[in-house]
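Remarks on the structure that follows.
The figures here come from the full heavy-atom set of this structure, side chains too, leaving out hydrogens, waters and symmetry mates.
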Amino acid sequence: MLLDDPRSDFGGDARRGRIRMPSTRARIAFAVAAVPVLLIALQIVASRNGFEGPLHSLWSDYAGTPKSVSVPWAGLALALVGLSWRRRLWTVGIAVAIDVVFALVRVLLGGSLTVGNGAVITLTGVALVAWLRWEGTVRRNALHAAALGALLILATKVGDVWLHVTVLAGPDVLDRYVLLADHAFGQPSWVLGQVVGALGPVVYAVLHWVYIELPVAAMVVAAWQLRRVASAGVWPNHYLVRTFLVLGLVGPVVYVLFPVVGPMFAFGPDGHGLQVGDYWPRIVPPVDHHPVPLAFDTVTPRNCMPSMHTAWATSVFLHSRRAADGSPAPRWLRWGGAFWLAATLTATLGFGYHYGADLLAGAVLCLTVESALRAPERGWDRARVRMVGGGLALLAALLLCYRYLAGWMAEYPVPAGVVVLGAVAAFCWLFYATWFARIPERADVPEPAARQA
């Protein structure tokens, strides 16, 4: 459905009826002020409930043992797109040297062999040097890229804390309701769970790697989109990192509204004794037309509804289709984005992490957020308002159906499936017609400037 069909550009009536939005400077100022407030608030919540908060985790990245090896370096890699090649080499070299020193000292003191400190320290140094010493386009590009890298790291800190918050906010989970609703979709988690198991360890290993390395695919697409930033001095109006970060902020809010743990926990072997039974993936549990919330443990995150892996993989797919000017992306990128989406969807269901209902909600969330961010030069015209408003309404309708019409969906799976899948398919078609059926006006991109020192 989301194939390229270039026709005419956006213009005329498509540009009418815009809603005036706050200036970019005002939005940036609000975001900068909101970040420390959010971090401090989550740190207070974490300290009061006995788990690691974002500020403590961030301090470990600077002076202790980093929680993640890949995330600090992914943040630094994102910051490098705003630098010249010479400065990139110097930056990476300094980061590696700092990491080696920290790793040696940590091992000599009896700690673990890991890295990440150098990336965070160097990223901070790049931002400070650019702010205090550089000027003009070089300064703006470096600060912009460094801010994106820092936001990526901070987003993971917030996400780790939020998983604990979902447990505090949702002692009871709604998996019994989602199981009933999934009868309308043919219980895809049980079907693919058996298929993946039958395909053997090689397929399992490939799918597992794709599932956990989703940020790698995102970084490849983002690097391709931002490859000319340092030389041309111009940032695309929209790119994958923006969608990724906004999805990470918006999607987890639904976790506390609709707590779900997933088939392998609520109906499988990993429920810590609180599961309904050991059903997944061999046997679909008997239909219970009078479901009640299921009391669950204080360990497992309630992070299924919506499926954020689906939302993020869908965004990778969308951004792998075209360049910022509307021209087709390279074939290898388009095929890679399609493969990553298909493999991620297979893994989320085949590993028992999600229900089919979760994936539908994740896809709708992605298309809604993407509609709010894509082609900002169009403003908030009727098409954008229609897409965002319709997406929010559809997402709310899905959650309400899963919660209050689950019994009906299980009793009448065919009409329920037709209605729900038809509504989601119609929304996907509307997204395609709004953003992909026509190519936006090609922005004038200046010729690359001379290579920076």
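Side-chain contact of Y355 with D175: a donor-acceptor pair under 3.5 Å is present, judged by distance alone.
For G337 against S320, the heavy-atom pair with the smallest separation is CA-OG, 3.5 Å. Here the closest heavy-atom approach between residue E370 and residue T243 is recorded as OE1-OG1, 2.8 Å. Pairing each heavy atom of P306 with each of Y255, the nearest pair is O-CE2, 3.5 Å. Among all heavy-atom pairs drawn from S307 and T348, the shortest one is OG-CG2, 4.4 Å. A pairwise comparison of heavy atoms in V210 and A343 identifies CG1-CB, 3.7 Å as the closest pair. Minimum interatomic distance between A311 and C366 (heavy atoms only, all atoms of both residues): O-SG, 3.3 Å.
Between S371 and T434, every side-chain heavy-atom pair lies at or beyond the 4.5 Å cut-off. Counting only heavy atoms from C-beta outward, the side chains of T156 and K67 never approach each other to under 4.5 Å. Between L168 and H164, every side-chain heavy-atom pair lies at or beyond the 4.5 Å cut-off. Looking only at side-chain heavy atoms (C-beta outward), T166 and N303 stay at 4.5 Å or farther from each other. Residues L430 and R386 have side chains in contact (heavy-atom distance under 4.5 Å, counting atoms from C-beta outward). Proximity of V420 to M409: side-chain heavy atoms (C-beta onward) are separated by under 4.5 Å at one or more points. Side-chain atoms of R374 and L318, non-hydrogen and from C-beta on, do get closer than 4.5 Å to each other. The closest side-chain heavy-atom distance from H183 to V284 is below 4.5 Å.
Annotation: the span from D297 atom CG to Q275 atom CD amounts to 9.5 Å, rounded to 0.5 Å. Rounding to the nearest 0.5 Å gives a distance of 11.5 Å between CE of M305 and CG of L257. The CG atom of L214 sits 12.5 Å away from atom CE of M219, with the distance rounded to the nearest 0.5 Å. Residue W73 holds its CH2 atom at 8.5 Å from CG of L80, rounded to the nearest 0.5 Å. To the nearest 0.5 Å, atom CG of residue L76 and atom CG of residue L152 are 11.0 Å apart. Note: L345 CG to L207 CG = 11.0 Å, rounded to the nearest 0.5 Å.
At least one donor-acceptor pair under 3.5 Å links the side chain of S189 to the backbone N or O of L349. The backbone N or O of Y177 sits nowhere less than 3.5 Å from a side-chain atom of R403 that would complete a donor-acceptor pair. Side-chain atoms of S47 never come within 3.5 Å of backbone atoms of I44 as a donor-acceptor pair (strictly under, hydrogens ignored). A side-chain donor-acceptor contact under 3.5 Å links Q194 to the backbone of P281. Here the side chain of Q43 pairs a donor or acceptor atom with the backbone of H56 at under 3.5 angstrom. Between the side chain of D182 and the main chain of A357, a donor-acceptor pair closer than 3.5 Å is present. A distance-only check finds no donor-acceptor pair linking the side chain of E52 to the backbone of V161 [under 3.5 Å]. Side chain of R302 to main chain of F258: no donor-acceptor pair is present (N/O by atom type, distance under 3.5 Å, no hydrogens or angles). A distance-only check finds a donor-acceptor pair linking the side chain of W162 to the backbone of P252 [under 3.5 Å]. Panel note: side chain R282, backbone D278; a donor-acceptor pair is recorded below 3.5 Å.
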Report task. Go through the steps to decide whether W340 and V220 satisfy the test side-chain contact (heavy atoms from CB on, under 4.5 Å), and finish with yes or no. Result -> CA-CA 12 Å; W340 222 273; V220 170; over 6 Å; no
Query raised in the report: Step by step, would you call L226 with W235 a side-chain contact (heavy atoms from CB on, under 4.5 Å)?
Result: CA-CA 7 Å; L226 302 175; W235 287 76; 3.9 Å; yes
Query raised in the report: Under the side-chain contact (heavy atoms from CB on, under 4.5 Å) criterion, do L421 and L360 qualify, and how do the steps go?
Result: CA-CA 8 Å; L421 293 176; L360 294 177; 3.9 Å; yes
Query raised in the report: Run the side-chain contact (heavy atoms from CB on, under 4.5 Å) check on L39 and L154 step by step: do they pass?
Result: CA-CA 9 Å; L39 294 177; L154 293 176; 4.0 Å; yes
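For F296 and F265, the distance between ring centers is not under 6.0 angstrom.
Counting heavy-atom neighbours within 6.0 Å of Y412 OH, excluding the residue itself, gives a total of 12 or less. More than 12 heavy atoms of other shown residues, nucleotides or ligands fall within 6.0 angstrom of atom CH2 in W332.
Ring orientation note: the planes of H309 and W312 are nearly perpendicular, at an angle over 60° on the 30°/60° scale. Using cut-offs of 30° and 60° for the angle between ring planes, the Y211 and F351 rings count as perpendicular. Taking the six-membered ring for Trp and thresholds of 30 and 60 degrees, F185 and Y402 have ring planes more than 60 degrees apart, a perpendicular arrangement.
With sequence neighbours left out, the salt bridge (charged side-chain N to carboxylate O under 4.0 Å, His left out) criterion links R176 to no other residue.
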